[in-house]
Amino acid sequence: MNPWLIEGPAAALLAAAGITAYGAVYPRSQIFGPAIWRTNSPRKLTLTFDDGPNPSTTPKLLDLLDRYNAKATFFLIGRFVRECPDLVKETAARGHAVGNHTETHPNLLWSSPTQVRIELRLCQDAIRNALGSPPKWFRPPYGKRNPWVIPIARELGYRAAMWTLLPGDWREKPAEWLIPRLQPIADRVVKSSKRDSDSRGGWGDVLCLHDGSHRGLNGDRTRTLAALEHWLPRWRDLGLEFVTLDEAVRTPAL
Ligand SMILES: [Zn+2]
């Protein structure tokens with residue numbers, strides 16, 4: 001049964017279609033539950049990679065991140081974790097955070113509470129089997145939420161994470177197309193250092209890229225790697241620190 005048709009509050013929300021659409025897809029929306037979408041300092045950049053693990057890309061990406069001492073957060077698809085548990089272990093062993101991106105990458109906007117729970121639990125089991133402990137972060141596929149996605153994730157112990165920048169690296173375009181779409185990150189750093197030299201009170205970006213493809217293992221992510229080869233040294237030279245989501249929301253000790 002489609003729960004949209006039976007839930008009273010959901011029906012009321014549907015009547016306010018504009019608000020519902022905003023709550024369901026706008027990455028900064030908190031209408032359907034709290035979600036982290038930025039870091040707590042303009043000096044902190046959080047790189048996130050969705051839809052892996054991907055044997056054709058993730059190992060190269062891990063080496064590239066190591067070169068810049070960059071720690072990232074990987075939102076993994078459960079069915080791929082089951083196929084490549086060693087790659088997930090390697091990712092965590094190199095200091096990166098991993099998160100739950102569901103078992104099969106459905107659009108949760110149209111999923112019932114039971115379906116949402118199953119998708120999250122299966123992925124959680126896959127990651128726990130690979131790493132020995134469950135992940136703490138969750139990102140809904142396509143960023144799509146309905147009124148029960150985040151409450152269920154929280155009930156299972158997760159914090160939800162969205163993004164400030166989604167450059168569309170899954171599109172079949174050359175790296176020359178992708179590289180300028182990451183420009184807003186550098187622009188924000190330059191603007192924030194002009195505005196406030198000690199950078200207090202501002203926020204930094206959470207970038208959403210993809211090291212895998214939800215359609216299957218071994219998706220081609222050459223353009224994503226090329227764009228990072230271009231930007232990582234430039235971001236480092238601007239003084240950005242590459243931190244996991246845990247670090248992105250941690251307040252420094254005074
Ligand atoms: Zn995804």
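Computed from a prediction, not measured in an experiment: that's the story for all the values here.
- Put simply, the side chain of Leu65 does not reach to within 4.5 Å of the side chain of Asp63, judged on heavy atoms.
- Judged by distance alone, the side chains of Glu119 and Thr104 do bring a donor and an acceptor atom under 3.5 Å apart.
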* To do: Evaluate the salt bridge (Lys or Arg N to Asp or Glu O under 4.0 Å) criterion for residues Asp169 and Arg221: first the C-alpha distance (whole Å), next the side-chain angles of each, then the deciding distance (0.1 Å), finally the verdict.
  => CA-CA 8 Å; Asp169 62 331; Arg221 291 291 178 248; 5.1 Å; no

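- In this structure, the side chain of Arg223 engages the main chain of Arg171 through a donor-acceptor pair within 3.5 Å.
- Each of Arg79, Arg82, Arg121 was evaluated against Glu103; a single residue qualifies, Arg82, per the side-chain hydrogen bond (donor to acceptor under 3.5 Å, both in side chains) test.
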Would you be so kind as to tabulate the donor-acceptor pairs closer than 3.5 Å made by side chains of residues 150-164, with sequence neighbours excluded?
unit_1, atom_1, unit_2, atom_2, d
Glu155, OE1, Arg117, NH2, 3.4
Glu155, OE2, Arg117, NE, 3.2
Glu155, OE2, Arg117, NH2, 3.2
Tyr158, OH, Asn100, ND2, 2.9
Tyr158, OH, Gln124, OE1, 2.6
Thr164, OG1, Asp205, OD1, 2.5
Thr164, OG1, Val206, N, 3.0
Thr164, OG1, Val206, O, 3.1

Side-chain polar contacts of residues 235-246 - donor-acceptor pairs under 3.5 angstrom, sequence neighbours left out - could you list them?
unit_1, atom_1, unit_2, atom_2, d
Thr244, OG1, Glu247, N, 3.4
Asp246, OD1, Trp137, NE1, 3.4
Asp246, OD2, Lys136, NZ, 3.0
Asp246, OD2, Trp137, NE1, 3.4

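- Contact detail for Leu165 and Pro184: the closest heavy-atom pair is CD1-CG, 4.2 Å.
- Pairs engaging residues 42-81 under the ring pair (Phe, Tyr, Trp, His ring centres under 6.0 Å) rule: Phe49-Phe74, Phe74-His96 [sequence neighbours left out].
- For Ser133 and Arg128, the side-chain atoms include no donor-acceptor pair closer than 3.5 Å.
- Nearest heavy atoms, Asn54 versus Leu217: OD1-C, 4.3 Å.
- Of the possible polar contacts, one joining the Thr39 side chain to the Gly204 backbone as a donor-acceptor pair under 3.5 Å is found.
- Remark: the backbone N or O of Leu62 is not paired with any side-chain donor or acceptor of Arg67 at under 3.5 angstrom.
- Contact annotation: the side chain of Leu228 approaches that of Leu61 to within less than 4.5 Å [non-hydrogen atoms, C-beta and beyond].
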Thr58 vs Asp211, side-chain hydrogen bond (donor to acceptor under 3.5 Å, both in side chains): CA-CA, chis, key distance, verdict: CA-CA 6 Å; Thr58 314; Asp211 63 329; 2.9 Å; yes

